[in-house]
J.: 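For reference, the structure I am asking about is given below.
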Amino acid sequence: MADEEQSSGTAGFSTRAIHAGQEPEPTTGAVVTPISLSTTFAQDGVGNHKGYEYSRSGNPTRTALETQVASLEQARHGMAFASGLAAEDNILRLLRQGQRILLGNDAYGGTFRLISKVWSPLGFPWTAVDLDDLDALRADWPDDTGMIWLETPTNPLLTCFDIEAIASIAHERGALVVVDNTFATPYLQQPITLGADIVVHSATKYLGGHSDVVGGFVATSNDELAEQLVFTQNAAGAVPAPFDCYLVLRGVKTLAVRMDRHCENARAVVDLLAGHRAVDRVLYPQLPDHPGHAAAAKQMKDFGGMVSFTLNGGSDAAMRVAAATEIFTLAESLGAVESLIEHPGAMTHASAAGSPLEVPDNLIRLSVGIEDSADLVADLEAALDTV
Ligand code: PLP
């Protein structure tokens with residue numbers, strides 16, 4: 001990908017990650033973007049300012065981050081938020097009351113909770129849809145749909161969907177397409193180039209990359225949508241602090257090298273799991289029989305650092321393995337340098353119990369970090385040998 005960009009005259013991915021929006025600071029020459037803590041900015045005369053008035057409306061450190069990540073998503077506009085869910089909430093405010101949200105039937109539990117428990121009672125109906133079956137999607141498309149919302153790969157089953165095909169179905173029917181690109185990151189997939197209207201991120205994950213900041217991001221190339229999103233970003237005010245912007249900005253600089261290592265380590269873990277007697281099924285988009293493998297191979301540069309699997313011994317075995325690893329830390333979240341293990345049914349996706357988005361109780365999700373792969377494989381093997 002980088003080569004194509006360079007030959008077409010656009011700087012490569014990592015060059016943009018390190019330089020977009022981050023010119024040396026003009027007064028001192030500081031190479032690192034300063035953390036601008038000032039909440040207010042002096043004006044020469046009323047309304048005559050240098051582009052900043054009040055830090056909720058705009059902040060120089062936030063601008064640097066917004067420029068950087070928008071550039072990586074190949075989007076004209078970027079907006080940073082206080083969390084991934086704050087970013088999602090900002091997007092949902094584009095809808096008019098009565099417009100339906102179609103949600104892919106595997107998604108982050110918090111997204112499901114926001115749509116079904118916060119927005120639905122306010123008069124925004126929603127339906128869970130099987131995005132694998134495009135004929136059914138076309139045939140059963142509800143007329144009142146305003147927005148289709150998908151993750152690819154999904155959390156936690158890592159199913160992949162053809163963004164271009166879904167965007168074309170939605171656009172023929174006048175609906176907006178939102179893609180949560182948290183798992184893939186812009187290094188592996190750029191949904192806007194595939195027809196998505198809006199990309200959303202939990203920047204808490206791979207963008208930040210070090211488990212030390214909660215953040216969210218929205219990108220779009222649609223000027224009209226951007227105007228509304230920026231209006232609500234300021235009007236509702238779910239903005240990130242300058243220090244948090246700095247942490248994400250710094251994390252993103254190394255996104256490409258981290259993602260290459262995440263993918264490489266994930267493959268080593270998948271090889272172990274595929275041959276272990278305790279494992280029922282390995283879920284990883286690179287596997288030829290994985291749901292959506294063809295879409296992933298078409299639209300992703302590589303297959304990511306997330307791996308899920310089910311255990312032959314059911315829920316008890318899953319609970320035991322989750323508690324038995326030493327390098328893989330038992331914890332929620334994902335996408336950082338350290339490896340994490342979790343039981344989605346009891347942890348990240350507990351809010352989806354009893355819904356169409358409920359996950360199997362023998363499922364384990366791994367966020368494969370960038371430690372030495374031999375240590376990760378040995379750790380996991382020892383845990384699997386206990387069941
Ligand atoms: N989207 C996905 C795919 C996630 O996994 C998460 C959190 O785990 C979110 C959105 C929400 O992001 P945040 O926790 O930063 O609010």
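Sequential numbering from 1 along the given sequence is applied to the chain's residues. Side-chain atoms are counted along with the backbone in the values below, which use heavy atoms only and exclude waters and symmetry mates. As the structure lists them, so they are numbered: ligands from 1, and atoms in each ligand from 1.
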J.: Answer side chain, backbone, both or neither: which part of Glu88 comes under 4.0 Å from ligand 1, heavy atoms only.
T.: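 It is the side chain that gets close, since no backbone atom is under 4.0 Å.
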
J.: Could you report the tightest heavy-atom contact between Glu73 and Gln190, atom names first, then the distance?
T.: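 Scanning both residues completely, I find the closest heavy atoms to be OE1-CA, 3.9 Å.
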
J.: Does Asp302 come within less than 4.0 Å of Arg267, counting only side-chain N to carboxylate O?
T.: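 Arg267 and Asp302: salt-bridged.
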
J.: So which protein heavy atom does atom 4 (C) of ligand 1 come closest to, and at what separation?
T.: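 In this structure, atom 4 (C) of ligand 1 has Tyr108 CG, 3.6 Å as its nearest protein heavy atom.
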
J.: When you compare ligand 1 with Ser202, is there at least one nitrogen or oxygen pair between them that comes in under 3.5 angstrom?
T.: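 Yes, at least one N or O pair falls under 3.5 Å.
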
J.: When the aromatic ring centroids of Tyr54 and Phe41 are compared, is their separation below 6.0 Å?
T.: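 Between Phe41 and Tyr54, which both carry aromatic rings, the centre distance is not below 6.0 Å.
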
J.: Less than 3.5 Å between some nitrogen or oxygen of Phe183 and one of ligand 1, yes or no?
T.: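 No: no nitrogen or oxygen of Phe183 is under 3.5 Å from one in ligand 1.
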
J.: Atoms of ligand 1 less than 4.0 Å from Asp180 heavy atoms?
T.: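 Answer, ordered by atom number: 1 (N), 2 (C), 3 (C), 10 (C).
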
J.: Restricting to non-hydrogen atoms, name the atom on Ala80 and the atom on Pro240 that form the minimum distance, rounded to 0.1 Å.
T.: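 Taking Ala80 first and Pro240 second, the nearest heavy atoms are O-CD, 3.4 Å.
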
J.: Determine, for Asp89 against Arg93, whether the closest basic-nitrogen to carboxylate-oxygen distance falls under 4.0 angstrom.
T.: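 The answer is yes: the pair qualifies as a salt bridge.
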
J.: Of the protein's non-hydrogen atoms, which lies at the shortest distance from atom 15 (O) of ligand 1, and what is that distance?
T.: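 Answer, as residue, atom name and distance: Thr204 OG1, 2.6 Å.
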
J.: Against ligand 1, does Lys205 come closer than 4.0 Å with any heavy atom?
T.: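 Right, Lys205 reaches ligand 1.
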
J.: Please could you name the atoms of ligand 1 that Asn155 approaches to less than 4.0 Å, counting only its heavy atoms?
T.: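 Atoms satisfying the 4.0 Å criterion: 5 (O).
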
J.: Could you report the tightest heavy-atom contact between Val282 and Val279, atom names first, then the distance?
T.: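 Closest approach of Val282 to Val279: CG2-CG1, 3.9 Å.
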
J.: Taking non-hydrogen atoms only, is Leu85 closer than 4.0 angstrom to ligand 1 via side chain, backbone, both or neither?
T.: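 Near ligand 1, Leu85 shows its backbone as well as its side chain.
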
J.: Check each atom of ligand 1 against the heavy atoms of Gly215 and keep those under 4.0 Å away; list them by number with element.
T.: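 Close to Gly215: 15 (O).
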
J.: If every non-hydrogen atom of Asp132 is compared with every non-hydrogen atom of Phe161, which pair is closest and at what distance?
T.: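 Looking at all heavy atoms of both residues, the closest pair is N-CE2, 3.6 Å.
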
J.: Are Tyr206 and His262 an aromatic pair, judged by ring center distance below 6.0 Å?
T.: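 Close enough - the centres of the two rings lie under 6.0 Å apart.
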
J.: Please determine if Val214 has a nitrogen or oxygen closer than 3.5 Å to a nitrogen or oxygen of ligand 1.
T.: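 It does not: no N or O of Val214 is found under 3.5 Å from an N or O of ligand 1.
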
